[in-house]
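What follows is a single structure, written as structure tokens, with notes after it.
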Amino acid sequence: MALLNLNFTQEEVQNAQSDNFSPIPADNYVAEVNRSEVKMTKDGRGSYISLSLKVLEGDFAGRLIFQNITLTNANATAQTIGREQMAQLAGACGILNLQDSEQLHGKPISIRVAIETDKSGQYEPRNSVKKFFPLNSPLQSAPQFGTPAPQGNPWARQG
């Protein structure tokens, strides 16, 4: 038995009951890396960096997004994709020479978040980061589709 001597307010209990692990809506967010750890793959033949990104602004400020990025892998394509993702992240942080993952911590960046669903139905939907980019980048605004409607009647006779 361990003596804990903890007291909780009703608000703490209600907040603890809320679903803080459901995915946030797909969108662009300002976030920062607040945790990073290099781990080995299950088969022991590769490695990846496990990241936690904290949303800094808006309705979802304080929420965490978890993202893994491949560092080494027997599959060359997976390793290339991972290298591209790390280059995006480092570039968004303004880092060209990344020596330690802690260099990424605490630097506000923009991230494009998506919701992934597990086709097998075994796991709940989750967020994933699809793009890392610097703050105030043109990529930060939502993509615009289609062409604007022409102004006036293009068939009207001039003059």
- Task: Measure from the side-chain N and O atoms of Gln67 to the backbone N and O of Val129, and report whether any donor-acceptor pair falls under 3.5 Å.
- Result: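 A pair under 3.5 Å: yes.
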- Sub-3.5 Å donor-acceptor pair from the side chain of Asn127 to the main-chain atoms of Ile24, do we have one?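 Answer holds: yes.
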Say you draw a straight line from [atom1] of [X] to [atom2] of [Y]; how long is it, rounded to the nearest 0.5 Å?
X	Y	atom1	atom2	result
Gln79	Thr72	CD	OG1	6.0 Å
Phe60	Lys54	CZ	NZ	16.0 Å
Leu51	Ser36	CG	OG	6.5 Å

Say whether [X] and [Y] are linked into one hydrophobic cluster, either directly or through other cluster members, by side-chain heavy-atom distances under 4.5 angstrom.
X	Y	value
Ile115	Leu53	no
Val113	Ile49	yes
Leu98	Ile109	yes

- Item | Pair Glu32, Asn34: side-chain N/O donor-acceptor within cut-off below 3.5 Å |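 Note: Glu32 and Asn34 side chains miss the donor-acceptor criterion.
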- Mind listing the closest non-hydrogen atom pair of Pro125 and Pro23 along with its distance?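 Scanning both residues, the minimum pair turns out to be O-CG, 3.5 Å.
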- Task: Measure across Asn73 and Asn75 and return the closest heavy-atom pair with its distance rounded to 0.1 Å.
- Result: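 Of all heavy-atom pairs spanning Asn73 and Asn75, the closest is OD1-N, 2.7 Å.
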- Query: With sequence neighbours excluded, what pairs up with Glu124 under the side chain to side chain contact (heavy atoms under 4.5 Å, CB included) test?
  - Reply: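 Here no residue qualifies.
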Under 3.5 Å, which donor-acceptor pairs link side chains of residues 80-95 to any protein atom two or more places apart or in another chain?
residue	atom	partner	partner atom	Å
Thr80	OG1	Ala76	O	3.0
Gln88	OE1	Phe132	N	3.0

Could you pull out all residues at least two apart from [X] that satisfy side-chain hydrogen bond (donor to acceptor under 3.5 Å, both in side chains)?
X	result
Ser128	Glu116
Asn7	none
Asp59	none
Ser120	Asp118

Do the side chains of [Y] and [X] get nearer than 4.5 Å, heavy atoms only?
X	Y	result
Lys107	Val33	no
Phe66	Arg126	no
Met40	Ser47	yes

- Task: Before giving the answer on side chain to side chain contact (heavy atoms under 4.5 Å, CB included), spell out for Ser50 and Arg35 the whole-Å C-alpha distance, their side-chain angles and the decisive distance to 0.1 Å.
- Result: CA-CA 8 Å; Ser50 174; Arg35 182 192 61 78; 3.3 Å; yes
